[in-house]
Amino acid sequence: MPELPEVQTVVSQLEQKIVGKKIKDVWSDWKKKILPSFSTFTKQVKGACILGTRRYGKHIVIDLDNEYSLVVHLKMTGHFLVKDEANRTTKAFTEDPVNGYIHHIVTFIDGTTLEFSDMRKFGWLHTMKTEEVETLASIVSLGRDALSPNFTEKYLRDVLSGKKKQMIGAILLDQNIIAGIGNIYRSEALFLAGILPTRRVETLTKNEWPRIVPAIKKVLRQALKLHGMSDGDFRDTDGLEGRFQQTLYVYGRGDKPCKKCGTIIERKKIGQRSVFYCPHCQK
DNA sequence: AGTGGCTCCTGAGCGC
DNA sequence: TGCGCTCAGGAGCCAC
């Protein structure tokens, strides 16, 4: 569920909230998702201070001042909560069931905690030398970041020149081509671009090509502004929902009328994932 | 090269 | 009421 806008929301909030803090202790009740091991993790982070945060596609990187870094993937339902004396008992933390699946906790010496809630336990944390972060397999293989200036129509055309038979809907999900898009924003971006997800790359016209990259950037920027979307499980570090779901045109709207033309939105599977599209607005 | 299926995991929603 | 089924989904992996 967390895609680029949600992950960037978390990275920005962590930058504001935990940089400079010193780690006192760590705890986990789901150690199999801490790599390379919980004991290594403990040794490498205890006593270190947070230097800063970064994002690679959907990966979160938390750099420490001891030459180690913590790389995190939220996968589907993972999210970070930052709790302190002042906010620990807010309703978002105590009453929202989505925030109640805490499996990992980092405690700072000032009493603040960085907690990782993850209902489905797919998310992972991986400690390594800071200099090794960019060599991690799932990071080194990433395509250009969807919001980076170097993600351009030319880049997309070049990288897709060897993938003419693939469906554009599958392309948008491929992190090794474009980093950051997930199942929600691929449907939304293709709606904005007016292109059916099932279209093969080789059939895209000269009028359609220039619409793809701007549509992707537009939908991601809009979502980022609203702290992402939380139809399901995403929460920001305050435990609060994003607001983008109110602006969805097609995702999750199967059998409902298109907000632009009234045609019934259809749903289909590409791979194992649902894509939603308007058969009238998208060609 | 391009698909399809399985896996990790849990909760929601459904049919009976 | 409660059981069992299916689905949701990021991404790696394997098979055809």
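Each chain gets a letter, A, B and so on, in the order its sequence line appears, and its residues count up from 1. What you see is a predicted model; the values in this text were computed from it and never measured.
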> Does A:Gln272 reach a base, just sugar-phosphate, or nothing at all? Heavy atoms under 4.0 Å.
base
> Roughly how far, to the nearest 0.5 Å, is the SG atom of A:Cys49 from the CZ atom of A:Phe108?
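Interatomic distance, A:Phe108 CZ to A:Cys49 SG, rounded to 0.5 Å: 9.5 Å.
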> Is any side-chain nitrogen or oxygen of A:His73 closer than 4.0 Å to OP1 or OP2 of C:dG10?
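Answer no for this pair, as no side-chain N or O of A:His73 is under 4.0 Å from OP1 or OP2.
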> Measure the distance from CZ on A:Arg120 to P on B:dG11 and round it to the nearest whole Å.
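Going from A:Arg120 (CZ) to B:dG11 (P), I get 9 Å.
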> If I take atom NZ in residue A:Lys121 and atom P in nucleotide B:dG11, what distance separates them, rounded to the nearest angstrom?
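So the two atoms are 9 Å apart, to the nearest Å.
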> Looking at A:Lys58 and A:Asp145, is there a salt bridge between them, counting it only when a charged N and a carboxylate O are closer than 4.0 Å?
no
> Take atom CG of A:Asp118 and atom P of B:dC8, then tell me their distance rounded to the nearest Å.
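Between P of B:dC8 and CG of A:Asp118: 16 Å.
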> Heavy atoms under 4.0 Å, any strand shown: does A:Arg267 hit a base, just sugar-phosphate, or nothing?
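Answer is sugar-phosphate: A:Arg267 comes under 4.0 Å of backbone atoms only.
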> Within this structure, what is the NZ-to-P distance between A:Lys75 and C:dG12, rounded to whole angstrom?
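After rounding, the reported distance stands at 7 Å.
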> From CD1 of A:Ile177 over to C1' of B:dA1, roughly how many Å is that when rounded to an integer?
12 Å
> How long is the line joining OH of A:Tyr185 and P of C:dG10, in whole Å?
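That distance rounds to 11 Å.
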> Is it true that A:Lys283 and A:Glu208 make a salt bridge, defined as a side-chain N closer than 4.0 Å to a carboxylate O?
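No.
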> Is it the case that B:dG2 (base atoms only) and A:Gln166 (side chain only) share a donor and an acceptor within less than 3.5 Å, ignoring hydrogens and angles?
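Check fails, no donor-acceptor contact within cut-off.
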> Would you please classify the geometry between the A:Phe116 ring and the A:His104 ring as parallel, tilted or perpendicular, with 30° and 60° separating the classes?
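A:His104 and A:Phe116: tilted rings.
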> C:dG10 P sits how many Å from A:Asn176 CG, rounded?
15 Å
> Strictly below 4.0 Å: does A:Lys164 bring a side-chain N or O up to OP1 or OP2 of B:dG2?
no
> Side chain of A:Met119 only, please: which of C:dG12, C:dA11, B:dT10 is the nearest?
B:dT10
> At under 4.0 Å between heavy atoms, what does A:Lys33 touch on the DNA or RNA strands: base, sugar-phosphate, or nothing?
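Here A:Lys33 touches no strand at all.
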> Would one find a side-chain N or O of A:Lys269 under 4.0 angstrom from OP1 or OP2 of B:dG5?
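Checking A:Lys269 against B:dG5: no side-chain N or O falls below 4.0 Å of OP1 or OP2.
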> For A:Ile270 and C:dA11, give me the distance from atom CD1 to atom P, rounded to whole Å.
17 Å
> Counting only side-chain heavy atoms from C-beta out, which of B:dC8, C:dA11, B:dG2 sits nearest to A:Lys32?
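Taking heavy atoms from C-beta onward, the closest nucleotide is B:dC8.
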> Select base, sugar-phosphate, or nothing to describe what A:Trp124 touches, counting heavy atoms under 4.0 Å on all strands.
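No contact.
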> Which one, C:dG12, C:dG10, B:dG11, comes nearest to the side chain of A:Tyr101?
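Among C:dG12, C:dG10, B:dG11, the one nearest the side chain of A:Tyr101 is B:dG11.
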> Looking at A:Lys218 and A:Glu188, is any side-chain nitrogen of the basic one under 4.0 Å from a carboxylate oxygen of the acidic one?
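Answer for the salt bridge query: no.
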> Under 4.0 Å between a side-chain N or O of A:Thr77 and OP1 or OP2 of B:dT10?
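No, no such contact exists.
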> Please indicate yes or no: is the ring centre of A:Phe122 less than 5.5 Å from the centre of the six-membered base ring of B:dC8, with the two planes inclined by under 30 degrees?
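Check passed, A:Phe122 stacks on base of B:dC8.
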> Can you name the one residue among A:Asp110, A:Asp84, A:Asp236, A:Asp238 that meets salt bridge (charged side-chain N to carboxylate O under 4.0 Å, His left out) with A:Lys17?
A:Asp238
